[in-house]
Amino acid sequence: MSRAAASNYTIFNIKKPTTGIEVPIKGKILNFHYYESVYSSTVTGNIALMDVGGSVEDEKTGVLATIKDGMKLTGFEEVRFQVNNESGNLDFKNYPLIVTGSPSVDESNRQVVLLNLASKTEMISSSKPLSRNYPEGPISDTVLKILKDELKISKDKLGFNKETNTYDYIEGTKNQDKIKGNHHAPLDVVTKMCNKSIPAKHEDPGYFFFETQDGFNFKSIDGLIDEGIKSFSNEDYNREHTYYYFASLAANLDKEEGNNYKVLRTPLVRKDEDQLKALRTGMYNVRIITRNRLTGEYKEEIKNLLSSTNLGEKQEKPVTNEVYLKSYNFELSPGQDDPGVSDVVLNNPADYVPQANMRYSLLHSQMVEILIPCNLNLRAGEVIKLYLENITEGNKNDQIYNNLRSGYYMICHLCHSFSPTNSYTSLMLLRDTRELYRSSK
């Protein structure tokens with residue numbers, strides 16, 4: 001059976017914690033959307049329900065009512081589900097999503113309700129401000145403490161590896177900092193540390209903090225790229241993360257297996273390289289100016305920001321070292337957190353702000369949206385390989401793929417969409433450089 005066919009809702013219940021009432025909603029779902037994104041600290045979703053009023057008794061009158069009216073849905077209800085597709089399972093039966101709102105449209109004989117869903121951890125974080133401050137230490141260590149101690153996230157959700165006694169989903173940082181809660185939501189505090197974190201095993205600063213169906217990830221851009229490309233040596237990963245688009249070969253959703261790895265419609269290019277914007281935002285060279293308030297030292301340098309870890313060919317600089325338009329100015333205050341004690345600049349912003357801005361901008365220089373048959377093996381932040389058809393007046397058999405636009409892409413946003421008849425996955429893909437084959441460094 002094609003992965004684009006209808007999926008099976010093994011479990012799909014809504015529970016009101018205050019009353020303990022739990023009602024199945026499987027037969028009432030018009031559509032269900034599940035979302036992940038490297039820019040979202042938690043997973044989200046929404047469900048459209050159609051109800052004719054025979055689902056639950058009103059607790060006061062005993063009259064049959066719709067789920068929304070009978071259960072008095074106002075938010076904080078738990079939705080547990082397990083969706084089975086030919087590609088795998090989407091399992092949230094032990095980690096329910098929470099209803100944040102339930103707008104509805106009423107007609108004389110039916111009611112359509114939209115349930116907006118958020119991760120349970122998001123609800124906890126939003127109701128538990130972080131008041132404590134963390135002393136100087138590796139940023140990744142503090143992030144782990146916040147997730148474990150403040151939000152009580154389980155080891156499994158952080159990728160705990162029993163053999164190495166480490167957390168696979170939390171990538172280590174080599175720079176240190178003091179982190180203040182300032183009564184902000186814990187998840188927001190962690191998110192704010194992304195652009196100032198420098199990976200221990202890679203050069204470029206810039207992290208993403210996001211949740212997938214597996215758990216919470218705090219990983220660098222370079223780390224995600226390196227890990228993703230290396231994963232293609234695994235046969236199963238390679239098969240599930242490689243897709244093809246051939247406009248001349250129409251997608252046939254009734255075909256049992258052949259179209260499971262084909263892009264179903266023309267890829268939509270949301271963004272392509274803009275070299276004028278690249279020059280203005282300091283994609284290649286920037287001027288960095290620092291002044292030390294303690295010593296009075298003034299320093300000015302033009303710095304090259306090319307990245308060494310790319311999804312495609314090696315990044316090239318089309319301008320000379322003297323060409324720049326973007327400038328950064330930093331006032332350095334040694335010992336500002338411990339007056340009179342230290343003359344060391346803690347986590348110098350000149351070391352990470354320009355480079356992180358470049359890395360985020362470079363990753364988003366190309367953005368492509370594709371639609372594929374449902375694949376529950378995919379996660380936000382993973383790398384896929386996309387083969388696009390070559391356009392030529394010659395014999396296509398001489399060069400089947402477009403070598404310039406085909407290649408590795410990173411999943412930025414992911415949406416699994418389910419209806420009574422079909423199941424699809426839509427992806428927003430990011431790419432920093434071009435070419436099917438990566439050049440040697």
Side-chain angles (χ1 to χ4, degrees), residues 3-4 7 31-47 79 81-92 95 97 116-119 121-122 157 159 169 187 191 194 207-219 221 223-225 227-229 231-232 236-245 260-271 311 360 363-364 366-386 407-419 422-432:
R3 294 180 177 183
S7 297
N31 57 63
F32 168 49
H33 296 93
Y34 166 86
Y35 302 97
E36 293 178 2
S37 172
V38 294
Y39 282 106
S40 176
S41 58
T42 58
V43 298
T44 57
N46 59 61
I47 307 170
V79 177
F81 58 90
Q82 184 181 43
V83 182
N84 295 332
N85 179 267
E86 286 292 315
S87 64
N89 300 322
L90 184 64
D91 191 345
F92 279 77
Y95 182 68
L97 298 186
N116 295 312
L117 309 174
S119 168
T121 306
E122 173 67 41
K157 286 286 185 179
Y169 299 167
L187 291 178
T191 300
C194 287
Y207 273 57
F208 287 123
F209 174 55
F210 58 100
E211 184 184 15
T212 69
Q213 58 179 295
D214 297 326
F216 290 85
N217 298 265
F218 184 74
K219 294 186 177 183
I221 296 174
L224 286 170
I225 291 175
E227 177 184 347
I229 293 176
S231 295
F232 277 88
D236 291 336
Y237 186 98
N238 185 29
R239 182 181 64 256
E240 295 296 336
H241 292 72
T242 303
Y243 281 87
Y244 304 85
Y245 175 71
N260 281 340
Y261 301 102
K262 288 182 181 176
V263 178
L264 301 179
R265 66 186 182 197
T266 304
L268 182 59
V269 179
R270 292 291 187 181
K271 183 181 179 183
L311 286 160
Y360 287 118
L363 183 63
H364 292 74
Q366 299 169 61
M367 302 180 66
V368 179
E369 183 180 343
I370 64 172
L371 180 70
I372 59 176
C374 183
N375 187 348
L376 298 180
N377 298 293
L378 302 180
R379 308 286 190 270
E382 289 185 334
V383 173
I384 74 168
K385 183 175 280 188
L386 182 62
Y408 295 109
Y409 288 80
M410 181 187 292
I411 300 175
C412 178
H413 309 306
L414 173 152
C415 173
H416 297 308
S417 176
F418 306 96
S419 75
N422 296 110
S423 306
Y424 300 113
T425 298
S426 59
L427 304 173
M428 179 63 74
L429 305 175
L430 306 178
R431 200 176 191 204
D432 46 18

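Both backbone and side-chain heavy atoms feed into the values below; hydrogens, waters and symmetry mates do not. Remember, it's a predicted structure, so these values are computed and weren't measured experimentally.
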Inset, instruction - Tell me, please, which residues at least two apart from Tyr244 pass ring-ring contact (aromatic ring centres under 6.0 Å, His included). - result: Tyr387
Inset, instruction - Could you tell me which residues satisfy side-chain contact (heavy atoms from CB on, under 4.5 Å) with Ser119, sequence neighbours excluded, listed by chain and number? - result: Thr42, Val43, Tyr95, Thr121, Glu122, Glu211
Inset, instruction - Give every residue pair that meets the salt bridge (charged side-chain N to carboxylate O under 4.0 Å, His left out) criterion with at least one member in residues 31-43, sequence neighbours excluded. - result: none
Legend entry - side chain to side chain donor-acceptor pair (under 3.5 Å) partners of Glu240, counting only residues at least two apart: Arg3, Tyr261, Asn375, Asn377
Inset, instruction - Would you please name every residue forming a side chain to side chain donor-acceptor pair (under 3.5 Å) with Arg239, sequence neighbours left out? - result: Asp236
Legend entry - Test ring-ring contact (aromatic ring centres under 6.0 Å, His included) applied to Phe418 - qualifying residues, sequence neighbours left out: Phe32
Legend entry - For Lys157, side chain to side chain donor-acceptor pair (under 3.5 Å) partners two or more places apart: none
Legend entry - By ring-ring contact (aromatic ring centres under 6.0 Å, His included) - contacts of Tyr35 (at least two apart): none
Inset, instruction - Under the side-chain contact (heavy atoms from CB on, under 4.5 Å) rule, what do Tyr408 and Ile225 come out as? Steps first, then yes or no, please. - result: CA-CA 9 Å; Tyr408 295 109; Ile225 291 175; over 6 Å; no
Legend entry - Polar side-chain atom of Ser423 near backbone of Ser7 as donor-acceptor pair, under 3.5 Å: yes
Inset, instruction - For Phe218, enumerate each residue passing the ring-ring contact (aromatic ring centres under 6.0 Å, His included) test, keeping only those at least two apart in sequence or located in another chain. - result: Tyr207
Inset, instruction - Apply side chain to side chain donor-acceptor pair (under 3.5 Å) to Asp91 and list each qualifying residue two or more places apart in sequence or on a separate chain. - result: Gln82, Lys93
Inset, instruction - Could I get the full list of side-chain contact (heavy atoms from CB on, under 4.5 Å) partners for Tyr169, not counting sequence neighbours? - result: Asp214, Asn217
Inset, instruction - Classify the angle between the aromatic ring planes of Tyr39 and His413 as parallel (below 30°), tilted (30 to 60°) or perpendicular (above 60°). - result: tilted
Inset, instruction - Indicate yes or no for a side-chain donor-acceptor contact from Asn116 to the backbone of Asn46 under 3.5 Å, with no hydrogens or angles considered. - result: no
